Number of protein chains: 2
Amino acid sequence: MISGLKTGLKKLKEAGFKLTPQRRVIFEVLESSDKHMSAEEIHKRVKERYPRAGLATTYRTLDLLKELGLVTNINLGEEHKHYELAGKCHYHLVCLRCGDVIEFGSNFFGKIEKGLSKDHGFEVTDQNVEFHGYCSKCRQKGEKIDDLACGYEG
Amino acid sequence: MISGLKTGLKKLKEAGFKLTPQRRVIFEVLESSDKHMSAEEIHKRVKERYPRAGLATTYRTLDLLKELGLVTNINLGEEHKHYELAGKCHYHLVCLRCGDVIEFGSNFFGKIEKGLSKDHGFEVTDQNVEFHGYCSKCRQKGEKIDDLACGYEG
DNA sequence: ATTTTAAATGAGAAGAATTCTCAATTGGGA
DNA sequence: TCCCAATTGAGAATTCTTCTCATTTAAAAT
């Protein structure tokens with residue numbers, strides 16, 4: 001994980017931003033959940049801890065945290081933007097039929113990341129990997145699983 | 001690429017949907033562009049070829065094509081949903097500061113895909129891989145590029 | 001070719017999500 | 001403690017997406 005509470009807030013401050021209670025709480029909410037949440041969901045939880053928090057602040061803070069690389073947002077399936085702490089390195093299987101999202105871990109990507117740094121001068125802070133397709137429940141019998149989209153050989 | 005015009009429309013038809021001019025045109029528009037577009041951009045181009053097309057139809061068709069696995073949507077950076085033909089196997093570097101998206105190719109993923117089929121019974125039709133971080137222009141001097149988020153070894 | 005019928009469409013209203021505005025508040029340096 | 005730019009809350013405004021429903025149409029049946 002890229003940042004615990006202390007590390008994250010420290011980074012905020014180092015970048016010249018104020019440490020407001022709202023920002024603390026939003027960060028805490030993100031930390032306390034192990035799954036991605038919509039802005040609305042995050043705001044709901046923020047208000048439980050800090051009732052006078054405004055929705056706009058949640059949006060503003062999420063944007064700010066995203067720009068600082070502390071938070072990442074993904075957009076799986078039909079739903080709206082979801083946010084989570086950056087650096088969690090989740091990989092998602094998104095079913096196009098039922099919308100189910102299966103998470104899985106992988107350690108294939110470190111090598112690629114380092115290559116990116118070299119080839120493009122790009123500093124990776126987070127990654128979002130989605131495989132779209134059909135889950136076992138939704139797959140129709142007779143569909144060949146070998147019939148994959150990309151011709152890559154790996 | 002998963003589907004040329006013929007293949008794609010054939011799949012639509014096989015699934016029991018009608019082959020309307022609108023759907024043809026939307027498919028053509030997606031085919032004729034090599035980059036992902038917002039629904040609004042797609043609709044604009046559709047109307048150039050078929051002026052009385054309605055926006056709702058564009059949305060409906062994009063959803064339909066997505067469910068059929070013919071179109072994929074991604075959400076890079078701040079902007080709204082973008083669509084493109086599925087199976088293009090693009091990989092994106094998204095700069096959190098300037099929003100630039102650098103595309104790159106890779107052939108590391110075929111192996112993973114096949115593993116997914118085996119382990120999860122998941123049939124992959126398309127993939128979206130994003131690495132978030134800072135591009136070479138936006139990286140500040142002194143930032144260590146080795147300080148990557150994930151501890152994976154590859 | 002004509003008929004038939006459910007699917008698809010266009011137009012604009014409706015609904016959601018996100019951003020903006022601005023007066024009031026506040027964190028944190030001086 | 002004082003000060004001031006940064007931040008906030010509230011709700012308006014904007015933008016994106018979906019819905020409604022009367023009309024049109026693809027394509028199967030005749």
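What you see is a predicted model, and the numbers here were worked out from it, not measured in a lab. Chain letters run A, B, ... following the sequence lines, proteins first and then strands; every chain starts at 1. Excluded from the calculations below are hydrogen atoms, water molecules and symmetry mates; all remaining heavy atoms, backbone and side chain alike, are included.
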[X] [atom1] - [N] [atom2] separation (whole Å):
{"X": "Asp63(A)", "N": "dA6(D)", "atom1": "CG", "atom2": "C1'", "value": "17 Å"}
{"X": "Leu55(B)", "N": "dT15(D)", "atom1": "CG", "atom2": "P", "value": "14 Å"}
{"X": "Leu65(A)", "N": "dT7(D)", "atom1": "CG", "atom2": "P", "value": "12 Å"}
{"X": "Met37(B)", "N": "dC16(D)", "atom1": "CE", "atom2": "P", "value": "16 Å"}
{"X": "Leu12(A)", "N": "dG27(C)", "atom1": "CG", "atom2": "C1'", "value": "13 Å"}
{"X": "Leu62(A)", "N": "dT18(C)", "atom1": "CG", "atom2": "P", "value": "10 Å"}
{"X": "Lys81(B)", "N": "dT17(D)", "atom1": "NZ", "atom2": "P", "value": "6 Å"}

Calculate, to the nearest 0.5 Å, the distance between atoms [atom1] and [atom2] belonging to [X] and [Y] respectively.
{"X": "Ser33(B)", "Y": "Ile42(B)", "atom1": "OG", "atom2": "CD1", "value": "8.5 Å"}
{"X": "Leu93(B)", "Y": "Asp100(B)", "atom1": "CG", "atom2": "CG", "value": "10.5 Å"}
{"X": "Lys66(A)", "Y": "Asn73(A)", "atom1": "NZ", "atom2": "CG", "value": "4.0 Å"}

Any side-chain heavy-atom pair from Tyr83(A) and Thr72(A) closer than 4.5 angstrom?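 With C-beta onward as the side chain, the pair stays apart.
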Please examine the side chains of His82(A) and Lys35(A), heavy atoms only from C-beta on, and report whether any two atoms are closer than 4.5 Å.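 No, side chains not in contact.
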What's the closest nucleotide to the Arg23(A) side chain, out of dG11(D), dT7(D), dC16(D)? dT7(D)
If you check every side-chain atom of Thr57(A), which of dT17(D), dG9(D), dG10(C) has the closest atom? dG9(D)
Between Glu130(B) and His132(B), is the side chain to side chain donor-acceptor pair (under 3.5 Å) condition met? List the steps. CA-CA 6 Å; Glu130(B) 304 163 16; His132(B) 301 172; 2.8 Å; yes
Would you tell me if any nitrogen or oxygen in the side chain of Arg60(A) comes within less than 4.0 Å of OP1 or OP2 on dT7(D)?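 For dT7(D), OP1/OP2 do not have a side-chain N/O of Arg60(A) under 4.0 Å.
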Between Tyr59(B) and dT18(D), does any side-chain N or O lie under 4.0 Å from OP1 or OP2? no
Sequence-aligned protein contact record of nucleotides 24-30 of chain D, with B where the base is within under 4.0 Å of a protein heavy atom and S where only the sugar-phosphate is: -BBS---
Is Val71(A) reachable from Leu55(A) through a run of I, L, V, M, F, W or Y residues, each pair having side-chain heavy atoms under 4.5 Å apart? no
